[in-house]
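Quick caveat: nothing in here was measured; it's all calculated off a predicted structure.
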Amino acid sequence: MTERYTLKQSLYVRASMFTADELRRQKRLGLDEVNENVLEGLVNQRAKLEGRQDKLIRSLTISLFLAFVAWSGGNIQIPGTSASLVEIPSFLELSLIASSLSVLLITYTFLSLQLYDAVIAAVARDVLAKNKLDPDLFAAAHTPTWLFVKYSKMAPVDGRTPGFKISTLGRVFYGVLVGFLSVIVLGLWFLVISSILYIGHSGLSDDVAGWVVYATCIAIILASFVSMAANIVEFTHEMDFSVLEKMETDRGDLGNQSVVE
């Protein structure tokens, strides 16, 4: 008799659970276990993705600044030429679309980073289980990370009871520390989006071309909202243990076949 039960999962939890299940499957089937090289590869790829995100943030800052200059009627001389920004056709429109695309790519990159964190944590727990090392320390040794977010938790190491308990005042202080970070980052994200929409609404021409550009920016920003929401929304998943039973049966059949041969 098989068992089924349902639970709600975010995309982060889904990635973590699927990775942990894949590692268990490797052990059940007697396959080669994931080793430190795979873990280091994941950490290195995450570091590259984080570097790409930093470049996208710089691109967003520049494109939004140029959009503001074009909207406010300012002018900047292009270095090495006699031309200025206002002489470039549709410069405001191009700046707004570039800013909107940067916002979208930043949110998708942020979502990918969260999934990398989930996979790395699951793999690190398996690879480093033999020496009981905290997986976060392995990741922090290979790529810069905000460790104050980790150590502001009541239990910094997931799954372990904290040996050093902090006072209520300390928990409040650290909660405010991380809370301010979250509020500031989220506030900047909304400020950037509001600026793009406001500049587009008040600065674009009131014709078909202007409305097309404005609608394009809105569509891109809506897509970025979906990407950001994917970090927190949860959907119901049904777990079917018959799948695990079938895998165990397949493993047994594989072992019997090896004996016969």
Side-chain angles (χ1 to χ4, degrees), residues 10-12 14-15 45-81 83-118 143-146 149 179-235:
S10 65
L11 193 58
Y12 180 95
R14 179 179 171 86
Q45 291 301 319
R46 187 200 180 281
K48 293 179 181 179
L49 192 61
E50 195 168 28
R52 188 181 306 170
Q53 186 184 54
D54 293 339
K55 293 179 180 178
L56 287 171
I57 293 175
R58 288 195 292 269
S59 174
L60 172 61
T61 303
I62 294 172
S63 58
L64 187 58
F65 170 75
L66 294 177
F68 177 79
V69 170
W71 169 74
S72 62
N75 192 13
I76 296 179
Q77 195 78 16
I78 300 177
T81 67
S84 60
L85 294 181
V86 294
E87 297 176 6
I88 300 177
S90 303
F91 181 74
L92 176 60
E93 289 80 355
L94 293 174
S95 299
L96 288 173
I97 291 178
S99 301
S100 302
L101 285 174
S102 296
V103 170
L104 176 63
L105 294 177
I106 288 171
T107 55
Y108 273 113
T109 304
F110 180 76
L111 178 60
S112 297
L113 286 172
Q114 300 310 302
L115 297 185
Y116 261 102
D117 287 339
T143 179
T145 183
W146 289 351
V149 176
F180 271 131
L181 171 67
S182 303
V183 170
I184 291 172
V185 172
L186 193 60
L188 288 174
W189 186 64
F190 279 111
L191 177 61
V192 167
I193 290 176
S194 300
S195 299
I196 293 173
L197 294 179
Y198 181 76
I199 292 175
H201 182 268
S202 60
L204 292 173
S205 57
D206 193 12
D207 54 15
V208 175
W211 282 106
V212 168
V213 172
Y214 189 55
T216 301
C217 292
I218 292 177
I220 295 173
I221 289 174
L222 287 177
S224 69
F225 269 103
V226 174
S227 173
M228 186 61 71
N231 289 277
I232 56 176
V233 294
E234 296 181 345
F235 296 99

**Message:** Would you say that more than 12 heavy atoms from the other residues, nucleotides or ligands in this model lie under 6.0 Å from the CG of Asp207, or not?
**Reply:** yes
**Prompt:** Is it true that atom CZ of Phe225 has more than 12 heavy atoms of other residues, nucleotides or ligands lying nearer than 6.0 Å?
**Reply:** yes
To the nearest 0.5 Å, how far apart are [atom1] in [X] and [atom2] in [Y]?
| X | Y | atom1 | atom2 | value |
| --- | --- | --- | --- | --- |
| Arg52 | Ile106 | CZ | CD1 | 13.0 Å |
| Leu101 | Ser63 | CG | OG | 9.0 Å |
| Ile57 | Phe110 | CD1 | CZ | 10.5 Å |
| Leu64 | Ile193 | CG | CD1 | 11.0 Å |
| Asn231 | Tyr12 | CG | OH | 11.0 Å |
| Leu197 | Ser99 | CG | OG | 11.0 Å |

**Asked** Parallel under 30°, tilted from 30 to 60°, perpendicular over 60°: which one fits the rings of Phe68 and Trp71?
**Response** tilted
Can you tell me if [X] uses its side chain to pair, donor with acceptor, with the backbone of [Y] under 3.5 Å?
| X | Y | answer |
| --- | --- | --- |
| Ser194 | Leu191 | no |
| Ser59 | Lys55 | no |
| Ser227 | Thr107 | yes |

Find out whether [X] and [Y] are in side-chain contact, i.e. whether some heavy atom of one side chain is under 4.5 Å from a heavy atom of the other.
| X | Y | answer |
| --- | --- | --- |
| Glu50 | Tyr116 | no |
| Ile199 | Leu96 | yes |
| Leu94 | Phe91 | no |
| Val233 | Ser10 | no |

Between [X] and [Y], what is the shortest heavy-atom contact and its length?
| X | Y | result |
| --- | --- | --- |
| Gly210 | Leu204 | O-CD1, 3.5 Å |
| Leu49 | Ser112 | CD2-CB, 3.5 Å |
| Ser102 | Leu56 | CB-O, 4.2 Å |

**Message:** Could you walk me through whether Leu222 and Val226 satisfy the side chain to side chain contact (heavy atoms under 4.5 Å, CB included) test, starting with their C-alpha distance in whole Å, then the side-chain angles of each, then the deciding distance to 0.1 Å, before giving a yes or no?
**Reply:** CA-CA 6 Å; Leu222 287 177; Val226 174; 5.8 Å; no
